[in-house]
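A short worksheet on the structure shown next.
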Amino acid sequence: MKVKKSRPVNLNLQTIHFPLTAIASILHRISGVIMFVAVAILLWLLNLSLSSPEGFTTAANIIDSWLVTFILWGILTALFYHIVLGIRHLLMDLGYFEDMEMGLASTKVSFVIVAILSVFAGVLVW
């Protein structure tokens, strides 16, 4: 006997729209993965720079390239995003921003703070 499921099925991904709070949560997880990978890169650069005077010069030359500077800016931006949205999640765990209006407003404020910190990171790196 076959059971018929009457639930709707939507396979058109172009019609699915996530709310801003869901996008923020997904990006928070992605920024955590980026930081996890970035730790290996940054530890390698630190090890190289502390190995010898020649290693320090090599690490400085690596960081001087435009691509690596851009990657470092991306790492800092991911770090700032993860910190700001992590604080937002902790505040939500404490009972703040629980209704949809406040959750959406806190997400928008978090995005603005991250944008400001991202510009600050760009000034620091370049």
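The structure presented is a predicted model; accordingly, all values stated were derived computationally and were not measured. Both backbone and side-chain heavy atoms feed into the values below; hydrogens, waters and symmetry mates do not. One is the number of the first residue; the rest follow in order along the sequence.
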Can you check whether [X] reaches [Y] side chain to side chain, under 4.5 Å on heavy atoms?
X: Ile62; Y: Trp44; answer: yes
X: Thr107; Y: Ile23; answer: no
X: Met35; Y: Val39; answer: no
X: His82; Y: His28; answer: yes

For a quick test of reading the model, state the closest non-hydrogen atom pair linking [X] to [Y] and the distance between them.
X: Ser49; Y: Leu46; answer: OG-O, 2.9 Å
X: Leu48; Y: Ser51; answer: O-OG, 2.8 Å
X: Arg88; Y: Ser110; answer: CD-OG, 3.4 Å
X: Trp73; Y: Ala121; answer: CD1-C, 3.7 Å

Gap separating the [atom1] atom of [X] from the [atom2] atom of [Y], nearest 0.5 angstrom:
X: Ile63; Y: Thr58; atom1: CD1; atom2: OG1; result: 11.0 Å
X: Thr77; Y: Leu72; atom1: OG1; atom2: CG; result: 10.5 Å
X: Leu91; Y: Leu85; atom1: CG; atom2: CG; result: 11.5 Å
X: Ile34; Y: Arg29; atom1: CD1; atom2: CZ; result: 14.5 Å
X: Ile41; Y: Ile75; atom1: CD1; atom2: CD1; result: 5.0 Å
X: Leu42; Y: Asn47; atom1: CG; atom2: CG; result: 12.5 Å

Is there a path from [X] to [Y] through hydrophobic residues (I, L, V, M, F, W, Y) whose side chains come within less than 4.5 Å of each other?
X: Leu90; Y: Val84; result: no
X: Leu94; Y: Ile87; result: yes
X: Leu20; Y: Leu27; result: yes
X: Phe120; Y: Val112; result: no
X: Leu117; Y: Val109; result: yes

Exercise. Check ring-ring contact (aromatic ring centres under 6.0 Å, His included) between Tyr96 and all other residues, then give those that pass, not counting sequence neighbours.
Key: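 Residues passing ring-ring contact (aromatic ring centres under 6.0 Å, His included) with Tyr96: none at all.
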Practice problem: I would like to know whether Met100 and Thr21 meet side-chain contact (heavy atoms from CB on, under 4.5 Å); could you show each step before the answer? | Solution: CA-CA 9 Å; Met100 193 61 180; Thr21 53; 3.9 Å; yes
Exercise. Without swapping roles, check the side chain of Ser65 against the backbone of Asn61 for a donor-acceptor pair under 3.5 Å.
Key: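 No, the answer is negative, given that no donor and acceptor are paired below the 3.5 Å cut-off.
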Quiz item: Relative to the ring of Phe70, is the ring of Trp126 parallel (under 30°), tilted (30 to 60°) or perpendicular (over 60°)?
Solution: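 Aromatic pair Trp126/Phe70 classed tilted.
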Quiz item: What class does the angle between the rings of Phe111 and Tyr81 fall in, given that below 30° is parallel, 30 to 60° is tilted and above 60° is perpendicular?
Solution: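 The rings of Phe111 and Tyr81 lie parallel, inter-plane angle below 30°.
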